[in-house]
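Whatever order the structure lists them in is the order used to number ligands and atoms, beginning at 1.
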Amino acid sequence: MIDFNAPYTLCINGQAQPAPNQLDVINPATGQVFAHCPAAGSAELDAAVSAARAAATSWRDLGFDVRAGYIARLAEAISAQVEPLARLLVQEQGKPLGQARDEVGRAGALSMGMTRIKIETEVLVDDAERHIELHWAPLGVVGVITPWNAPINLAVGPMTAALYTGNCIVLKPSPFTPLCTLRIGELMRDIFPAGVVNILAGGDELGALMTAHPGIDKISFTGSVATGKKVMASAAGTLKRVTLELGGNDAAIVLDDVDPVAVAKKLFFAATVNSGQVCMAIKRIYAHETVYDALCNALAAEARNARIGNGLADGTVLGPIQNCRQYERVKGFIDDLRKGPGTMLAGAEQPTGEGYFINPVVVAEPGDSSRIVTEEQFGPVIPVMKFSDIDDAVRRANYTRYGLAGSVWSADTARAAAIAARLEVGTAWVNQHRHTMATVPFGGAKESGMGRNYSLLGLRGNMEPRVVSILKG
Ligand code: NAD
């Protein structure tokens, strides 16, 4: 069990470890520091990598079923403490308590789902001359680096994928949201053999040390496109494998046959969940001209009715932006919108006072070359653009270096599915947005990433294919 009153510690070689430096953690609802935790440097990283390497062979040899048993114990331990973990998550990250509970609950479920996937040796050739098999071997030590928007989910998913496939891990959360990850490290210390799991809080420079470290075989990174490019460049020095889950600029295309009010509710939630700080949030809406005005009005009504506040308060729909840097960035988008040419249908008034709060914004026709359309806002600001020709809508949706996901909304699912298949993305949804499952690959096309998480494809990203070729007779 986690002792939520104990000081935070790193987890290295199965031991609680302090560090000479510390991180201040800010509650975004107040803008004030509310906790401190140790910050690892290169000495702690070297110790963690050595411990992971020392544990790698025995962990590999345990086999999938035994490793799945360890992950099941972790999932059980997390589900026994959903409420205190969710409350801590709200304090460090800001999201409403209901969304925090979902995040904690989903983490265990997704991990367990992955451990039901079988990875088997394949026979490629078996003829008179040769028997050739394809084996899947763990890589060794996987470094997991996570962002601040969903620190539990984005740690537990990649971490358990690496562990299940036989790797040991060194994990670093974002310096903005290290606390829940360190608490989960406390649980894992009591469950996993020493050295298999190492959890280090630290700043961006610790991430850079990990990507260059010769003792780490793969980096599983979730974060921004800009940092993802640095990770890949640094990993090239030791030819580390990388999985990059990066930013998105997801388009939703709304066809002429929808009920605009009903669809607006779903679009609004998918655009503003976690205050829009979701890689696969809807970030642009293209609506057919026949439903455009009704949809804009319904979205604006949703925005005006959404209650903004501390995530721990009853009835909060949108919590604060997670950190000051991102808050200033989102305010910058809103300031740009005030200069036109778009029309702000909601959110022209913004809160002042403590905390990083933003009222949701709906803006009509800001222009295809505006920043709000071309960049990832990662905040509750929704641009809505009109189209009359579906080919034009698809072209505009695809006119971006991002390619994480997208969606098409229609009463005619077959028509929508044919359009969805033309989106240049990792996932194209019909009449939904943000649905993921342990058995379904998730990841980005174009600059939204490389490789996939979840599913057999994602698990194999933590393994090396190895051919064993036997000459008969
Ligand atoms: P970020 O790139 O700033 O930071 C992510 C992590 O990388 C942090 O732990 C940070 O300390 C570390 N880091 C920073 N510099 C580094 C370096 N040079 N080398 C190695 N590590 C380094 O991202 P963020 O601002 O924390 O997160 C928001 C971004 O993450 C958004 O763009 C969002 O879309 C993206 N994201 C993507 C997914 C996905 O699954 N595709 C999921 C969630 C978030």
> Can you find a non-hydrogen atom of S174 under 4.0 Å from ligand 1?
Replying inline: yes

> Can you find an N/O atom of T211 closer than 3.5 Å to an N/O atom of ligand 1?
Replying inline: no

> What residue and heavy atom of the protein are closest to atom 10 (C) of ligand 1, and at what distance?
Replying inline: D204 OD1, 3.3 Å

> With sequence neighbours left out, which residue pairs that include part of residues 179-196 fulfil the salt bridge (Lys or Arg N to Asp or Glu O under 4.0 Å) condition?
Replying inline: R183-E186

> Looking at atom 18 (N) of ligand 1, what's its closest protein heavy atom, distance included?
Replying inline: K230 CD, 3.8 Å

> Considering only the protein, which heavy-atom contact is closest to atom 13 (N) of ligand 1, and what is its distance?
Replying inline: T227 CG2, 3.7 Å

>> Given Y286, which partner from the list V408, V254, V384, V373 fulfils the side-chain contact (heavy atoms from CB on, under 4.5 Å) test?
In response: V373

> Quick one: are C168 and N198 in side-chain contact, heavy atoms under 4.5 Å?
Replying inline: no

> Is it the side chain, the backbone, both or neither of V231 that has a heavy atom closer than 4.0 Å to ligand 1?
Replying inline: side chain

> For the rings on Y70 and F192, is their centre-to-centre separation under 6.0 Å?
Replying inline: yes

> Applying a 4.0 Å heavy-atom criterion (strictly less than), which segment of N453 is in contact with ligand 1: side chain, backbone, both, or neither?
Replying inline: neither

> What are the two closest non-hydrogen atoms of A194 and A55, and how far apart are they?
Replying inline: O-CB, 3.6 Å

>> Test your reading of the structure: does T146 have an N or O sitting under 3.5 Å from an N or O of ligand 1?
In response: yes

>> Students should be able to answer this: which protein heavy-atom is nearest to atom 35 (C) of ligand 1, and at what distance?
In response: G223 O, 3.1 Å

>> If the cut-off is 4.0 Å to any non-hydrogen atom of L154, which atoms of ligand 1 fall inside it?
In response: 42 (C), 43 (C)

>> Just to check, does P173 reach to within less than 4.0 Å of ligand 1 when the distance is taken from its heavy atoms?
In response: yes

>> Test your reading of the structure: does N149 have an N or O sitting under 3.5 Å from an N or O of ligand 1?
In response: no

> How many angstroms lie between OG1 in T436 and CZ in R106, if you round to the nearest 0.5 Å?
Replying inline: 4.0 Å

> Between K218 and G461, which heavy-atom pair has the shortest distance, and what is it?
Replying inline: NZ-O, 3.0 Å

> Is there a donor-acceptor contact under 3.5 Å linking the side chains of T427 and W429?
Replying inline: no

> Is T222 close to ligand 1, meaning an N/O of one under 3.5 Å from an N/O of the other?
Replying inline: no

>> Which residue is it: R284, R329, K283, R401? I am looking for the one with a salt bridge (Lys or Arg N to Asp or Glu O under 4.0 Å) to E376.
In response: K283

>> For ligand 1 and S448, I'd like to know whether there is a polar contact (N/O to N/O, distance under 3.5 Å).
In response: no

>> I need the minimum non-hydrogen distance between I216 and V142, along with the two atoms involved.
In response: CG2-C, 4.4 Å

>> Just to be sure I'm reading this right: ignoring hydrogens, which of F442, F221, F378 gets closest to atom 7 (O) of ligand 1? Compare them by their nearest heavy atoms.
In response: F221

>> Counting only heavy atoms, tell me which of S224, G207, P147, P175 gets closest to atom 21 (N) of ligand 1.
In response: G207

> With the threshold set at 4.0 Å, does a side-chain nitrogen-carboxylate oxygen contact exist between D217 and R53?
Replying inline: yes

> Judged by atom type as modelled, is there a donor-acceptor pair below 3.5 Å linking the side chain of N167 to the main-chain atoms of L139?
Replying inline: yes

> For atom 36 (N) of ligand 1, which protein heavy atom lies nearest, and how many Å away is it?
Replying inline: C279 CB, 3.6 Å

> When you measure from atom 12 (C) of ligand 1 to every protein heavy atom, which one gives the shortest distance, and what is it?
Replying inline: I145 CG2, 3.7 Å

>> List ligand 1 atoms under 4.0 Å from L246, heavy atoms only on the residue side.
In response: 37 (C), 38 (C), 39 (C), 41 (N)

> For Y164, what residues pass the ring pair (Phe, Tyr, Trp, His ring centres under 6.0 Å) criterion, not counting sequence neighbours?
Replying inline: F64

> atom 24 (P) of ligand 1: which protein heavy atom is closest, and how many Å away?
Replying inline: W148 NE1, 3.3 Å

>> Can you tell me which portion of E376 lies within the under-4.0 Å heavy-atom range of ligand 1? Options are side chain, backbone, both, or neither.
In response: side chain

